[in-house]
Amino acid sequence: MAEYVAPAAVEIVADQAKEYASPYLRYFFRYGEIVKDFKNQREALELKKERVKIRVDEAERQNELIHKDVDNWLTSAGKELKETQNLKDEIDRVKCFKWCPKRVWRYSLSKKLTEKTPIISKLLDTSNFAKVGYRRPLQGIEFITSTDFMDSEYSKSAFNQIMEAINAKDVNMIRLHGMPGVGKTTLAKEVGKHAPEQKFFDKVVMFTMSQNPDINKIQDKVADIRGLKFETKFKLEDIGIPFGDDHKGCKILLTTRQKQVCSKMKCQKEIHLGILSKEEAWVLFRDKAGLEDDCSTLNDVAKEVSAQCKGLPLAIVVVAKALKGKSLNGWRDANQRFKDSTHLYDEEVLGGVLQPLKLSYNYLKKGINQMTGNHIQMCFLLCSLFPEDEEILIEILIMCGIGVGLFPNFYSIEEKRKKIVEALKKLQKSGLLLETDGADTIRIHDVIRDFAHWLTSTGENRFMVKDTLEEWPHMDESYTAISLWNCSSIIKKFPDKVEFSKLKTLFLEGEKKRKQDDFLVVFVTFFEEMKALQVLLLQHVSFSLKGFPCLPNLKILWCFNCMLENFSSSLTNMRNLEILALISTKIDGINEELLKLSTLKYLRISEGINFPPGLVSRLTSLQELHVVPKINLNLLELRSLSRLTALSLELSYNNLHASDPIGTTLSTNQIPLEDFVLPKLQRYAIVVGEIYGINREAFRTLDIQNFSSSLSAFNNLFCNVEELCLRNVGGQKNIVPSIDEMGLNGLTSLELKSHNDIEFLIDTKKDQGSTVAFSNLVELTIESMVSLKGLWYGVSPTRFLQNLKQVIIKDCEELQTPLLSNLTKLSLCSLPKLKRIWEVNPSHRAIASLQSLKVVRIESCDNLKTIFSPCLALSMLHLQVLYISFCDRLEQVIGFGQEDEIIENDCLLYCWPKLRVLSIHDCESLKYISTNTLIQPLESIDIKDCPRLIQIFNMEKNKDGLGLQNHCWTKLKILRIVDCQRLKYVFANTLSQGFPLLKYVYLQNCPQLLQVFSSTEERNVIGDHILLNVPFLQDLEVSDCPQFSSFIAQARLIEELVLSNVGNSRQLCNTDVPILNEGCIVVGNHEVFQVQGGYSFSSIKILRLWNLFELQVIWNDFAQVVTLENLTTLTLSGCKKLRYIFSLTMAQSLSHLVDLFIEGCEEIERLILAKDQVSSSSSSNGDTGLQPISFPNLTNITIRNCGNLKSLFPFGYVPVLPKLECLKLNMNSKLEEVFELEDEVEVTAEKEMNFDKLEWLSLEELPGLIHFCPKGYHFVLSALRVLTVRDCPKLTSGFFIDSQAFVHCKTKTPQSVEQDAIRNPIFSKNINWNWRWPGSQLPHVT
């Protein structure tokens, strides 16, 4: 029995030991549990990190910014997994307890695991992110000054009038009208550029309202700016523009040719934009025509031509560009054409711009053969077939041009594409077409579009264009091109058949509806008499069951989002078809009938259409093939397409090894990769793996992901690829020569991500001769390359990265020294072993240059101590933006280390003449940005979490012992310094004067900061105070800077002021502020605002004062402050010696005050000075009691812990708080009444006052409160939803509820209170009432 008792006893003792012994014994007894828990937690963290990283990658692909906490979590998780990997390996080495050293080892390991497991557990607990990213900050439209903008007398006047109207309170709709081509839109863009700069608006959006507007398109544009969604018909409000008297913060500038629009849109301000004067017109004309002053004869003729443009900027620009570079005879010929032409003006539509445009149009044929000129003109006319303000896809224009027979002497589509693109560029240079933001679209000005319609209204090429069609128009059969957009599906007289014997081009679009059942229905008989039709473009159209009729001359059929039944059987009726595009279009399938299209050269097919096996290989005339996912194409069939020059494919890697094409995505897997090589192509966009939805068809692009096999299938494409993206492609140690021995010199963009094998981009160790590689590369992105050691190995390649402009390198742990030059943008992220970015040999220091670099972003490069050497910093003439973060060992941005032979350490460096933005975050070792370096053009300085930062710019004395001269910071607008514990000075006293543009200053948690602005010049010092003139300062925040010495800011435009824990008590009490002759702000003293000469701080909107323990008054002389009309928010906290806030005069001006928060202001007795407290000098300025006190917009009030406060608001015959929604009063021990009657008059009849906005009322811990409602008054709180009354023993105001659920408040006389005390306990009990809680009740009244 003992043998069973002993183990039990041991087990009990062990359990007791584990439960009660010192924590150190747990490391022995629970080693197994500790290890298991650690492994489980670590494995869970690995999986969680992977999932979060996937979400982050997806967010980045959607162009979102990643939340900082998510980024920090990933960094922490990666750091913990890396640190605990050694512990995981150590567990496997500790196997038993047989020897004492092992026990010690296990004890030590168990302790380490115990310390790490809670950290991992905490990371897991904080990993549930609702969203990892967010939309980029809404930037609005970036308005760039147009190169065609003429700063004329009329435009200056109109511009000034518009800006004045924008700033006027009673104007929200402004109309700018003028002749076509006078520059209304250009001027509107100028206004859009300047308005945000002057802080009139946060966002500006611009769009065109055509005669028949595309509301969805406009809504999308507004939504991009404001993040909205819309589903209603057109109203200003519907497209996201708040309008009217309730939205005076929104202004609308309307440009129009038609004066009657003004009355319809109820414009309050009309502004006319006139034409240019003769002299102004000549200046613009000469500039656009590229004329020199020394050619008097030609200029004399040119002046006559300029005069014919009638002062219209559009006409001037178009004609000048058309004649630019012409000979004297060419100019004379143009001038004579103007003189000889008859006056063909259509004043209503085109006015004086018609004749100049016609001249420019005719000049398209000058200097080239007749056929080419005609084709360029036809390209222009084709653009007029598209809707107003449409961004026209160049690819569709090219196909339409081919369809109508342009450039017939060129056989291949690629050759014709080049010729049509050349024609479009010529049209752009001539001013007849406009560029867009995208390289694949083009646009036509509405006036020039009208001109094209005038040209095609008669003659050989007759066009008809209708932007919206609800009834079938009257048409004759002479039209050669018809374009009908947005045709309503309710057209009652849509003809079954029309006779257009000359019609060659037809664009037909139904309404843009989501359901295909609502598409425009067209009977096939409609096309029967269109035998000459060559181009048919259909959108949102549905056809009947019979299919297409015979269209013998049709060359292009382009269908987008259509329903075409019996389509395959119709193909026999289109035997001359050369271009077929079926995009998002439902058809009954493709069969052998497609082979009857013997001339088919271009095929574009989207999802949902399957090819019968072997069909594609027999389309022997095919030159271009563009297909997307969910199409079962066998790539082996491409071998038979000998004429193929262009290919767009999106492939699934799984299908790259399948033997049977049954997948829903395009595949090459039905073939062995080693047997298949894609053909040589002139144009291609091939994606293998995950589809990103990027259309790069205009480039030679390869995007290969998650691919572990040989890349030999793409060998024919590497020789001319322009954009190459390889993600998780294994098996290569390098790019050159493994992928391409020739060096990928056609490559302009390279992205490499998640390659575990690649060590170098180029390996030249075995090369005998020089290697030319990456000579045309412009953009380089390298991410998560765990084995990458450098960019090349061996001899440096010839012309290597000579055109590189943008570099992004992230998460490459082994990368040590990249050589990067000729850049415009550099981004390096998570490179822990990177010690230097540029390695410059001593012999090359004199020629080292980074003169093109504009943007630098360095993040999480822990081994960097400096970033730029002085010689490189001096060469960076175009650097504009510098971001640095999480570089723990960084000590200086510009380091004087080993270059004393070039630049002496005590010489002043003038660096970065174009640097605008300097942002440095979380660099714990940073001491200075630089030493003896001057960077004057800075507009924004943002430094945060740099605990060792001593001074931003360390300005030492030079070798002669003399201080450096003074310098101004004339362009600085933003200064933000946060959490820099050792920082004492921002700018040294040698850098003290001049901040004429400074708008925003934020100084937070800098406990040793003594001064930001200092000066040794007497004119800048008054007593012990620095005088700072900042005429444009809008926001000033100084928080948690207890050593901060006071300065005086003359800032008339201040809008937001935040002071918290500024200056120490001695300074606050003992410093006398000098009297100035104008208003100023005193930072770090016993008063905040000093006002002289009747000046008022009418611009201030937000005022927050926290923990200013010695502050006694806010304004030094109440009588001089006449208004605070724009103050919306007032917060006072911890201002223990402040006794009052507003004078009666000031209180009457607080018409916009919305939020009032007061806490811990122990000496305040009243919010507003009583009449008997106003000084005699103040009283002399007028009887302040004549106007009753009211706060018409005060919405939220919170006042707590103000021990001496006795009353809040004076109460008279007008509603004092008509918009009050929330009132919270807590822990104000001496508060007796909330509303104080202005005159103690006996009330004979009860007066009712309605607080119809008040929803939340809280009265808590107010031992002195006698009444909430004044005697003789009856408050009706009809909107009240929450009522809390607690610990108010003296309260005589009672709360009741009526049958309408309205809460009432009345104050009883002492006698009635005594009589009702037994019957109604409402006066002696706490109340916790909420309208949603059925259990909370108030007494009822009838």
Side-chain angles (χ1 to χ4, degrees), residues 65 68 137 139 196-197 199 202 855-859 879-887 890 893 912 915-924 926-930 935-954 969-988 991-992 994-1014 1026 1028 1030 1032-1044 1047 1049 1051 1053-1062 1081 1083-1084 1101-1104 1106:
L65 293 175
K68 195 66 178 177
Q139 299 296 325
E197 290 179 357
K199 294 294 177 181
D202 297 323
V855 179
V856 175
R857 183 183 296 272
I858 311 291
E859 182 177 347
L879 185 66
Q880 297 178 13
V881 179
L882 176 59
Y883 293 106
I884 305 171
S885 61
F886 298 100
C887 296
L890 185 68
V893 178
W912 301 337
L915 186 66
R916 299 182 295 104
V917 178
L918 174 64
S919 176
I920 304 179
H921 289 194
D922 298 276
C923 295
E924 60 182 33
L926 185 70
K927 296 179 181 178
Y928 311 103
I929 306 300
S930 60
I935 308 171
Q936 284 188 269
L938 277 168
E939 296 179 12
S940 172
I941 298 176
D942 182 5
I943 300 177
K944 181 180 179 182
D945 289 320
C946 297
R948 289 185 174 87
L949 185 68
I950 299 173
Q951 192 171 321
I952 295 179
F953 300 104
N954 181 26
W969 296 80
T970 57
K971 296 184 178 180
L972 190 65
K973 296 179 181 179
I974 302 173
L975 176 64
R976 183 173 181 263
I977 312 290
V978 180
D979 294 330
C980 296
Q981 282 74 17
R982 294 189 183 182
L983 183 67
K984 292 185 177 181
Y985 301 97
V986 178
F987 302 106
L991 299 170
S992 60
F995 296 90
L997 299 179
L998 193 62
K999 289 185 177 182
Y1000 310 102
V1001 177
Y1002 307 99
L1003 308 171
Q1004 301 169 2
N1005 193 26
C1006 299
Q1008 296 190 37
L1009 185 66
L1010 299 176
Q1011 189 54 270
V1012 176
F1013 315 102
S1014 58
I1026 301 299
L1028 183 67
V1030 279
F1032 293 102
L1033 188 68
Q1034 294 181 11
D1035 293 3
L1036 173 61
E1037 177 176 346
V1038 185
S1039 303
D1040 297 317
C1041 301
Q1043 303 299 320
F1044 197 71
F1047 70 86
L1053 300 180
I1054 189 76
E1055 293 183 1
E1056 181 170 354
L1057 176 64
V1058 179
L1059 301 178
S1060 174
N1061 190 18
V1062 179
I1081 298 169
V1083 179
K1101 296 179 180 179
I1102 299 174
L1103 176 61
R1104 304 184 195 276
W1106 286 319

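The model shown is predicted, which means the values in this text are computed figures rather than measured ones.
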Residues forming a side chain to side chain contact (heavy atoms under 4.5 Å, CB included) with Ser1060, sequence neighbours excluded: Ser1039, Asp1040, Trp1106, Asn1107

Smallest separation among heavy atoms of Leu998 and Ile974, with atom names: CD1-N, 4.2 Å

Heavy-atom closest contact (Leu1010 atom, Tyr985 atom, distance): CD1-OH, 3.7 Å

Gap between atom SG of Cys946 and atom CD1 of Ile929 - 0.5 Å precision: 7.5 Å

Nearest non-hydrogen partners of Leu1003 and Cys1041, listed with the distance: O-SG, 4.1 Å

Distance (rounded to the nearest 0.5 Å) between Ile920 CD1 and Ile858 CD1: 11.0 Å

Side-chain heavy-atom pair Val893, Ser930 within 4.5 angstrom cut-off: no

Gap between atom CG of Leu1057 and atom CG of Asp1035 - 0.5 Å precision: 9.5 Å

For Leu997 against Lys971, the heavy-atom pair lying closest together: CD1-CA, 4.1 Å

By side-chain hydrogen bond (donor to acceptor under 3.5 Å, both in side chains) - contacts of Asp945 (at least two apart): none

Side chain proximity check, Lys973 to Tyr1000, heavy atoms < 4.5 angstrom: no

Ile952 side chain reached by Ile977 side chain, heavy atoms, under 4.5 Å: yes

Non-neighbouring partners of Gln981 that pass side chain to side chain contact (heavy atoms under 4.5 Å, CB included), sequence neighbours left out: Pro947, Asp979, Asn1005, Pro1007

Spatial distance of atom CD (Gln1034) from atom CD (Glu1055) [nearest 0.5 Å]: 4.5 Å

Gap separating the CD atom of Glu1037 from the CG atom of Leu1059, nearest 0.5 angstrom: 9.0 Å

CZ (Phe1032) with more than 12 external heavy atoms under 6.0 Å: no

Pairwise side-chain contact, Leu972 with Ile941, heavy-atom cut-off 4.5 Å (strictly under): yes

Six-ring centre of Tyr1002, Arg976 cation under 6.0 angstrom, axis tolerance 45°: no

Minimal non-hydrogen separation, Val881 against Arg916, with atom names: CG2-NH2, 3.8 Å

Result of checking Leu918, Val856, Val917 against Leu879 for side-chain contact (heavy atoms from CB on, under 4.5 Å): Val856

Atom pair NZ (Lys944) and CG (Asp922), whose distance is rounded to the nearest 0.5 Å: 7.0 Å

Polar side-chain atom of Arg948 near backbone of Lys927 as donor-acceptor pair, under 3.5 Å: no

Student check: side-chain heavy atoms of Lys999 and Leu1053 closer than 4.5 Å: no

